[in-house]
Amino acid sequence: MITANLAPPVLRVAAEEPQLLAVRLEAAERQAQEWAMREGRYGILVTRHTPTSYTVEPNEEVPYGITLERDFI
């Protein structure tokens, strides 16, 4: 039997307009949560890289069911 562990997706989100950025971040978080729920062992990490650029990703270091935010600015 062969099993494949797929790497968690890293979703890149960017927008200049705050309202559009919020909509895109919410959509990315939902997508990451769906992936994390299927795996059953990842939380979600949202990282701000610039005021208009973020990544959203399932992360094993974040407890399942939790979303953490990190700021690199």
Side-chain angles (χ1 to χ4, degrees):
M1 179 167 89
I2 297 174
T3 59
N5 290 334
L6 299 176
V10 176
L11 307 166
R12 299 187 192 298
V13 177
E16 295 294 325
E17 298 174 24
Q19 291 174 332
L20 181 56
L21 183 61
V23 168
R24 289 179 178 172
L25 279 169
E26 286 177 29
E29 186 175 1
R30 267 193 312 274
Q31 187 176 346
Q33 287 172 339
E34 289 171 7
W35 190 93
M37 284 190 292
R38 282 193 302 269
E39 293 295 315
R41 66 176 195 264
Y42 292 82
I44 305 300
L45 180 62
V46 178
T47 304
R48 181 166 71 160
H49 300 277
T50 71
T52 60
S53 174
Y54 291 73
T55 54
V56 179
E57 62 187 300
N59 186 292
E60 280 187 303
E61 294 178 16
V62 178
Y64 179 76
I66 302 293
T67 297
L68 292 181
E69 297 177 6
R70 173 169 68 179
D71 193 342
F72 279 162
I73 295 183

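We use all heavy atoms of the structure for the numbers below, so side chains are in, but hydrogens, waters and symmetry mates are not.
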Separation of I66 CD1 from L45 CG (nearest 0.5 Å):
12.5 Å
E69 versus D71: any side-chain heavy-atom pair under 4.5 Å?
no
If you look at every heavy atom in A36 and I44, which pair is closest and at what distance?
CB-CD1, 4.0 Å
Set of residues satisfying salt bridge (charged side-chain N to carboxylate O under 4.0 Å, His left out) with respect to E60, sequence neighbours excluded
R41
Looking only at heavy atoms, what is the nearest atom pair of P8 and Y42, with distance?
CG-CE2, 3.6 Å
Donor-acceptor pairs under 3.5 Å, side chain of residues 19-32 to any protein atom, not counting sequence neighbours: which ones?
| residue | atom | partner | partner atom | Å |
| --- | --- | --- | --- | --- |
| R24 | NH1 | A14 | O | 2.5 |
| E29 | OE2 | Q33 | NE2 | 3.4 |
| E29 | OE2 | T67 | OG1 | 3.0 |

For a quick test of reading the model, state the closest non-hydrogen atom pair linking H49 to I73 and the distance between them.
O-CG1, 3.8 Å
Remaining members of the apolar cluster that contains F72, side-chain heavy atoms under 4.5 Å:
none
